[in-house]
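Structure first, commentary second.
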Amino acid sequence: MRIPTAAAHPARPPRPLRPGRRRWTAYAASLLLATGTLAGLPPADAGAAVEPVTVTVNARAGLATVPDTALGVNHAIWDANLGTAETSDLLRAAGVRMLRYPGGSYGDIYHWRTHTAPGGYVAPGTGFDAFMAAARRVGAEPMIIANYGTGTPAEAADWVRYANVTKGYGAKYWTVGNENYGNGLYGSAWEADDHPDKSATRYAELVVEYAEAMKAVDPTVQVGAVLTMPANWPDGLTAGDDPGPWNQTVLTLAGPKIDFVDVHWYPGGGDPFAPYHGLSMMNLFAGAGGQFVRAGTNRSLVTAHAVRRGNGDVAVLLVNKDPENDHPVTIDYAGFSPSGSAPTVYRHTNGAAAITQSRSGSATGLTLLAYSLTILVVPSADPAGGRPGAPGRPTAGAVTDRTATISWPAATPGAAPIAKYEVYRQHGAVSEQLGETTGTSLTVGNLNPGSRYTINVLTRDTAGNVSWSSPPLAFATGSPAASTCGVRFSKGTDWGNGYLATVDIVNNGPNPINGWTLTWTWPTGWQQVSSGWSANWSQAGSAVKATSTADNRRLAAGASTGVGFVGGYSGPNVPPTVFTLNGTVCGTL
């Protein structure tokens, strides 16, 4: 299912706010890509020498495609200026292509038929028809919040009928409520919810009723449910009789009946750039239909993102988070050849009243101004026409601990016949070729047990032209079917950014073990062992090591021991899947 992205809560419960006081930041992963990298800026070291920054852009490592609705804003009923022709024209110029109505927590107190929001302020000229007129002037898709907190499925269905049957607006996206996990279920209440049962289970059950009622009126509408950002409050928390945390419960019960999820993320850390100019920069960077590709840097103060455009050009967004220093950068490209012509350069600095544009310099180097956003649009040296089409989305089958078979739909030939397909693994901003074939599947070997792989496939024709990369495929190898050791990893109580875990170790071999070292590597960079018991625990980077104590160092054949730890995380908490004991890869129990 698609995941429209808005904003999200910090890890701790926020203070309760009156409906309408919560802001909904720009709607899309592409915009969040920029705002998220500007949060939590490190302190400047004014005396440090500024070293050149190396930027790598890897066009072989394709990611998501930019949708038409990538940039959006709240269109709130408490602001009379939003529906004006002047504001609409500015939003259109900034590339806004989705407008969310009636805005934030007002969605759970707003009654569309009477245009009222008991307990909140409703500005003149902000009714639904006025909103739709503004959306059409902007050229934006509406995203409408059906009132869950104080409304009913019937009220939502009537709104769909009025919008799409009576008025013929063709409003496609409808989400059931706004941040409904903030209804007091987990101890913090800012979202209106008149239901006696405020559980995640009841929300999911009613989402199904809303979806069925709305689609009975117009089967073409897309209905979404509200989730929280992984590792942000209250993710990981279970309340009352719910079978699990909010996200798990809602997806399990309502997943088959919804079309997308609405996730809110608030990165925090201040606002160094004007949001309007930020929207405009994102529109200049990531136009609809482009494909994000991997990009990276060797310095944390400078971040890089890249998009390959439909005409073959590559746009590179460079964010200098250093408030004191300019930073020179050099840019290397993989899978892309810049032309000799000068790139188009867009810049915006903190406090500037406008975005500057020039056509100068080099595609491989420039200097980033302190506290700035810079976009380079680099023309391609290869002709846009004639190249073969990209392969379809790959799939993985017959996955073992060491091998996997990758398959993909055939590509469409360009000016020359297809010669072969090349399979690449992403290593951050670098790719490793795993093999090539004239067919549409390839079995790759020499994989590491319990490891995650992200794969792209490219088409090469007989003239040497290379396609864009396929959509990415992510899969994980397993543990060996038989081993002289076994490990069971069990997660216990979870409080949203930390949890308790136990690890059971079994000696499956014929000989006793005298002293053991258990190791694993976390799947992400934001997971850690905070403290532990029954072992000597340490962590270096994402690598964890636990060594035996005097009490459990000896494991007879067939014997087992249990150890445990307190874990922490600040993103999706993906459990490890491969463990080694004294250098031997263990089976999982």
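Quantities reported herein were computed from a predicted structural model and do not represent experimental measurements.
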- Query: Is Q527 reaching over with its side chain to a backbone N or O of T524, donor-acceptor style, under 3.5 angstrom?
  - Reply: yes
- Task: Would you check, one step at a time, whether the test side-chain contact (heavy atoms from CB on, under 4.5 Å) holds for T303 with H305?
- Result: CA-CA 7 Å; T303 54; H305 312 281; 4.1 Å; yes
- Query: Any Lys/Arg nitrogen of D158 or R161 sitting under 4.0 Å from an Asp/Glu carboxylate oxygen of the other?
  - Reply: yes
- Flag the pair K215 and D259 as a salt bridge only when some basic side-chain nitrogen lies within less than 4.0 angstrom of an acidic carboxylate oxygen. yes
- Task: Apply the side-chain contact (heavy atoms from CB on, under 4.5 Å) test between D108 and each candidate in T150, N180, N183; give the one that qualifies.
- Result: N180
- Message: When you compare the side chains of H348 and T356, does any donor N or O come within less than 3.5 Å of an acceptor on the partner?
- Response: no
- Note on the structure: All heavy atoms of P391 vs all of P471, minimum pair found to be O-CD, 3.8 Å
- Message: With side-chain hydrogen bond (donor to acceptor under 3.5 Å, both in side chains) as the criterion, how do E155 and T152 come out once you've worked through the C-alpha distance, each side chain's angles and the decisive distance to 0.1 Å?
- Response: CA-CA 5 Å; E155 181 183 36; T152 64; 4.9 Å; no
- Polar side chain donor-acceptor pair, Y569 to D494, under 3.5 angstrom: yes
- Among N456, T454, N58, which one satisfies side chain to side chain donor-acceptor pair (under 3.5 Å) with Q426? N456
- To the nearest 0.5 Å, what is the distance between CD (Q248) and CG (L253)? 9.5 Å
- Query: Minimum heavy-atom separation for T84 to A80, with atom names?
  - Reply: CG2-O, 3.7 Å
- Verify the distance criterion only: is there a donor paired with an acceptor across the side chains of E191 and S105 at less than 3.5 Å? yes
- Message: Are W174 and Y210 an aromatic pair, judged by ring center distance below 6.0 Å?
- Response: no
- Message: Working note: I355 + L284, criterion side-chain contact (heavy atoms from CB on, under 4.5 Å); need CA distance, chi angles, decisive distance, verdict.
- Response: CA-CA 10 Å; I355 296 167; L284 293 168; 4.3 Å; yes
- Closest non-hydrogen atoms of A239 and Y186, given as atom of the first, atom of the second and distance, are CB-CE2, 3.9 Å
- Task: Would you check if L99 and L91 make a side-chain contact, meaning some heavy-atom pair closer than 4.5 Å?
- Result: yes
- Message: Is there a side-chain contact between P102 and I145 in this structure, where contact means two heavy atoms from C-beta onward sitting under 4.5 Å apart?
- Response: yes
- Taking every heavy atom of V226 against every heavy atom of E179, the minimum-distance pair comes out as CG1-N, 3.5 Å
- Note on the structure: Rounding to 0.5 Å, atoms CG (D322) and CG (L301) come to a distance of 5.0 Å
- Query: Considering only heavy atoms from C-beta outward, does the side chain of Y346 approach that of M281 to under 4.5 Å?
  - Reply: yes
- Query: Do side-chain atoms of T69 reach the backbone of R97 as a donor and acceptor pair under 3.5 angstrom?
  - Reply: no
- Interatomic distance, NE2@H75 vs OG@S88, rounded to 0.5 Å, equals 5.0 Å
- Message: Can a donor-acceptor pair be found, under 3.5 Å and without considering hydrogens, that links the side chain of T459 to the backbone of G389?
- Response: yes
- Message: For a 4.5 angstrom cut-off between non-hydrogen side-chain atoms, does W112 reach I144?
- Response: no
- Flag side-chain contact, heavy atom, 4.5 Å: N147 against H111: yes
- Message: Quick check on the 6.0 Å ring-centre criterion: do H195 and Y148 meet it?
- Response: yes
- Query: Can you tell me how far the CD1 atom of I375 sits from the CD atom of Q357, to the nearest 0.5 Å?
  - Reply: 10.5 Å
- Message: In this structure, is the centre-to-centre distance between the rings of Y101 and Y110 below 6.0 Å?
- Response: yes
- According to the interplanar angle, ranging from 0 to 90°, do the rings of Y181 and W190 count as parallel (below 30°), tilted (30 to 60°) or perpendicular (above 60°)? perpendicular
- Message: Please give me the minimum heavy-atom distance between P343 and P379, naming the atom from each residue.
- Response: CA-CD, 4.3 Å
- Item | Short side-chain donor-acceptor distance under 3.5 Å, T344 and R359 | yes
- Donor-acceptor pair, S470 side chain versus A390 backbone, under 3.5 Å? no
- Note on the structure: Rounded to the nearest 0.5 angstrom, the CD1-OG distance for I455 and S469 is 12.0 Å
- Answer yes or no: is there a donor N or O on one side and an acceptor on the other, between the side chain of S372 and the main chain of T349, under 3.5 Å? no
- Using 4.0 Å as the upper bound for N to carboxylate O, is an ion pair formed by D242 and K198? no
- Message: Could you tell me if the side chain of L82 sits less than 4.5 Å from the side chain of T126, heavy atoms only?
- Response: no
- Item | V66/Q291 under side-chain contact (heavy atoms from CB on, under 4.5 Å): CA gap, chis, key distance, verdict | CA-CA 6 Å; V66 182; Q291 183 187 40; over 6 Å; no
- Message: Just so I know, are the side chains of L369 and T374 near enough to count as touching, which here means a heavy-atom distance under 4.5 Å?
- Response: no
- Message: Looking only at side-chain N and O atoms, does D313 offer a donor or acceptor that is under 3.5 Å from a partner on N311?
- Response: yes
- Message: I'd like to know if the side chain of N81 pairs up with that of T87 as donor and acceptor (distance under 3.5 Å, no hydrogens or angles considered).
- Response: no
- In terms of heavy-atom contacts, T228 and P234 come closest through OG1-CD, 3.7 Å
- Message: Between D89 and V138 (side chain of the first, backbone of the second, donor and acceptor by atom type, cut-off under 3.5 Å), is there such a pair?
- Response: no
- Task: Would you give the length of the straight line joining atom CZ of R60 to atom CZ of F336, rounded to the nearest 0.5 angstrom?
- Result: 13.0 Å
- Item | Min side-chain heavy-atom separation Y106-Y121 under 4.5 Å | yes
- Message: Apply side-chain contact (heavy atoms from CB on, under 4.5 Å) to residues T201 and E205 and explain how you reach the verdict.
- Response: CA-CA 6 Å; T201 297; E205 292 170 346; 3.6 Å; yes
